[in-house]
Amino acid sequence: MNKLMNEENKMKYYKLETSAPYCGTEEIRLISSKNEIEIDEEEEKNNLFDSYGYLINGWCGDDPTEEEEENFKYDCSIKLTELTKEEFLQYVEDGYSVEEW
């Protein structure tokens with residue numbers, strides 16, 4: 001029992017907020033991990049571009065130019081915040097799903 005409680009006390013809790021430069025692209029992800037984590041911002045920006053890059057020129061528009069892609073990624077927001085267990089559980093209670101890393 002003590003071992004389980006010690007492992008639970010060692011858990012790290014995070015909120016990852018991402019958004020692209022267009023309305024409706026904001027996302028909050030909750031992460032729990034036994035270790036401290038770091039986010040690869042470039043990878044996250046690439047993921048946002050893959051998901052929302054079409055918004056640059058619309059569904060039927062041309063593919064974005066390199067400059068448009070760079071500007072898009074520059075305007076993306078990636079924010080990782082460490083949470084207390086209580087804050088984390090409140091987000092879970094509010095309906096956010098959890099990723100375990």
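None of the values given here were measured: they were computed from a predicted structure.
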Check your understanding: In the single-linkage hydrophobic clustering (I, L, V, M, F, W, Y; side-chain heavy atoms under 4.5 Å), do Ile31 and Val98 co-cluster?
Key -> no

Does the side chain of Gln90 come within less than 4.5 Å of Glu86's, by heavy atoms?
no

query = Do Met11 and Lys34 come within less than 4.5 Å of each other through their side chains, counting heavy atoms only?
reply = yes

Minimal heavy-atom distance between Tyr22 and Ile56, with the atoms involved, is OH-CA, 3.4 Å

Has Ser19 got a side-chain atom pairing as donor or acceptor with Glu26's backbone, closer than 3.5 angstrom? no

Asp63 and Glu68 have their tightest heavy-atom pair at O-OE1, 4.4 Å

Scanning both residues in full, the closest heavy-atom pair of Asn35 with Tyr14 reads O-OH, 4.1 Å

Practice task
Flag yes if Tyr52 and Phe49 sit in one hydrophobic cluster, no otherwise; membership is Ile, Leu, Val, Met, Phe, Trp, Tyr, and two members link when side-chain heavy atoms are under 4.5 Å apart.
Solution key: yes

* Co-membership, hydrophobic cluster, residues Ile28 and Leu83, 4.5 Å side-chain -> yes

When rounded to the nearest 0.5 Å, the distance separating CH2 of Trp101 from OG of Ser32 is 11.0 Å

- Query: In this structure, are over 12 heavy atoms from other groups packed under 6.0 Å from Tyr96 atom OH?
  - Reply: no

**Q.** Working for side-chain contact (heavy atoms from CB on, under 4.5 Å), residues Leu16 and Leu30
**A.** CA-CA 6 Å; Leu16 177 62; Leu30 296 181; over 6 Å; no

Verdict with reasoning, Phe88 to Thr84, per side-chain contact (heavy atoms from CB on, under 4.5 Å)
CA-CA 6 Å; Phe88 182 82; Thr84 64; over 6 Å; no

Counting only heavy atoms from other residues, nucleotides and ligands, does the tally under 6.0 Å from OH of Tyr91 exceed 12?
no

To the nearest 0.5 Å, atom CD of Glu41 lies from atom CD of Glu43 at 11.5 Å

Looking at Asp62, I'd like to know if its CG atom is crowded, meaning that more than 12 non-hydrogen atoms belonging to other residues, nucleotides or ligands lie closer than 6.0 Å.
no

Side-chain donor-acceptor pair present, Tyr13, Lys85, cut-off under 3.5 Å
no

Using a 3.5 Å cut-off and no angle test, enumerate the donor-acceptor pairs between side-chain atoms of residues 70-82 and protein atoms at least two apart in sequence or in another chain.
unit_1 : atom_1 : unit_2 : atom_2 : d
Asn71  : ND2    : Glu67  : O      : 3.3
Lys73  : NZ     : Asn46  : OD1    : 2.4
Lys73  : NZ     : Glu69  : OE2    : 2.8

The side chain to side chain contact (heavy atoms under 4.5 Å, CB included) partner of Thr18 among Ile39, Asn47, Leu48 is Leu48

